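Following: one structure in structure tokens, then a few remarks.
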Amino acid sequence: ANFPDYQDVCDLLGRLSKAMGVGKQEAVDIDFLECLHWRRGALLYMYCNTVSNKHSETKPPHYANCLREGIQELSAMLNVRRRPTEEAESQDESTRLLLDKGMFSDTHVLALMYAGEMSYWLLSHSQAADESQHSEQIKQCDHFLSTYIAITDGPLKQHGWSTGRAKQILSEILSQKHRKSPTRGLHS
């Protein structure tokens, strides 16, 4: 089956937006709101991934906006829940680290990778003329992927998560940044 075209994706996003509007008005629970942000972000990720694979040279004009919106939705999903404070004190060290990083499920971990990869695609697609904007995009990508790597190489190491792609992206970003400014590191 073919992936839906851009208009179909926009229609689906519109329906999810209506549900989010109802959710905010009726003060639905956190799980519902988190799910809506995840669905919108994951749909945009899959759409952008499909576009990337089909249009390796030139992307459609709406591509960058889809990436930005997807990153925004995944970031919102990752920030719906509040970080526990006292509850985390009684947990083991691995669980505390996961909760401190806002990782409440495997969907949260996957959202980090999706957002990191979309940030990378945005960096690759739209060479920002403004140095501060470019620097912010790099920081955003670094944040998502570094957190993903720390979690999957740390507490989730024995659970089958792969860090290969995340490390590859960070390496590429680091080498690009060094070519622009050889005295600054990725985390500066």
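Everything quoted here is computed from the prediction, not taken from an experiment.
Rounding to the nearest 0.5 angstrom, the gap separating the OH atom in Y120 from the CG atom in L67 is 12.5 Å. Between atom OH of residue Y47 and atom CD of residue E69 there is a gap of 12.0 Å, rounded to the nearest 0.5 Å. Atoms OG1 and NE2, from T107 and H37 in turn, are 14.5 Å apart once rounded to the nearest 0.5 Å. If you take CD1 on I71 and CE on M118, they are separated by 6.0 Å, rounding to the nearest 0.5 Å. Summarising the geometry, atom SG belonging to C66 is positioned 5.5 Å from atom CG belonging to L44; distances are rounded to the nearest 0.5 Å. Distance check, rounded to the nearest 0.5 Å: SG of C48 to CG of N53 gives 11.0 Å.
A parallel orientation is assigned to the rings of Y114 and W38, their planes being inclined by less than 30° (bins at 30° and 60°). Using a 30° and 60° split on the angle between ring planes, Y45 and W121 fall in the parallel class, below 30°.
In this structure, a donor-acceptor pair under 3.5 Å is absent between the side chains of Y148 and H143. Under the 3.5 Å distance criterion, with hydrogens and angles disregarded, a donor-acceptor pair is assigned to the side chains of D92 and T95.
Contact check for D106 versus W161: side-chain heavy atoms found under the 4.5 Å cut-off. The side-chain heavy atoms of D31 and R81, taken from C-beta on, include a pair separated by under 4.5 Å. A heavy-atom distance below 4.5 Å is found between the side chains of L98 and L156. Put simply, the side chain of F144 reaches to within 4.5 Å of the side chain of L78, judged on heavy atoms. Counting heavy atoms from C-beta outward, E172 and I169 have side chains that stay 4.5 Å or more apart. L33 is not listed as a side-chain neighbour of M77, based on a closest heavy-atom distance of 4.5 Å or more. Contact of the S162 side chain with the T152 side chain is not registered, since no non-hydrogen atoms from C-beta on lie closer than 4.5 Å. Counting heavy atoms from C-beta on, the side chains of I149 and K167 come closer than 4.5 Å.
Shown here for N65 and R68, the closest heavy-atom pair between the two residues is OD1-NH1, 3.2 Å. Of all heavy-atom pairs spanning H125 and A64, the tightest one is CD2-CB, 3.7 Å. Nearest approach of K101 to I151, heavy atoms of both residues: CB-CD1, 3.5 Å. Between P155 and A150, the shortest heavy-atom contact is CD-O, 3.8 Å. Nearest heavy atoms, C141 versus L123: CB-CD1, 4.2 Å. Of all the heavy atoms in L170 and S146, the pair that sits closest is CD1-OG, 3.8 Å.
L43 and V51 fall within the same hydrophobic cluster, defined by Ile, Leu, Val, Met, Phe, Trp and Tyr side-chain heavy atoms under 4.5 Å apart, directly or through other members.
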Practice task
Check the pair K139, E136 against salt bridge (charged side-chain N to carboxylate O under 4.0 Å, His left out), reporting the backbone distance first and the verdict last.
Solution key: CA-CA 5 Å; K139 284 180 188 174; E136 283 304 309; 3.7 Å; yes
Problem - E73/R39 under salt bridge (charged side-chain N to carboxylate O under 4.0 Å, His left out): CA gap, chis, key distance, verdict - result: CA-CA 9 Å; E73 290 295 339; R39 295 286 182 189; over 6 Å; no
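Side chain of H108 to main chain of S105: a donor-acceptor pair is present (N/O by atom type, distance under 3.5 Å, no hydrogens or angles). Panel note: side chain D142, backbone I138; no donor-acceptor pair is recorded below 3.5 Å.
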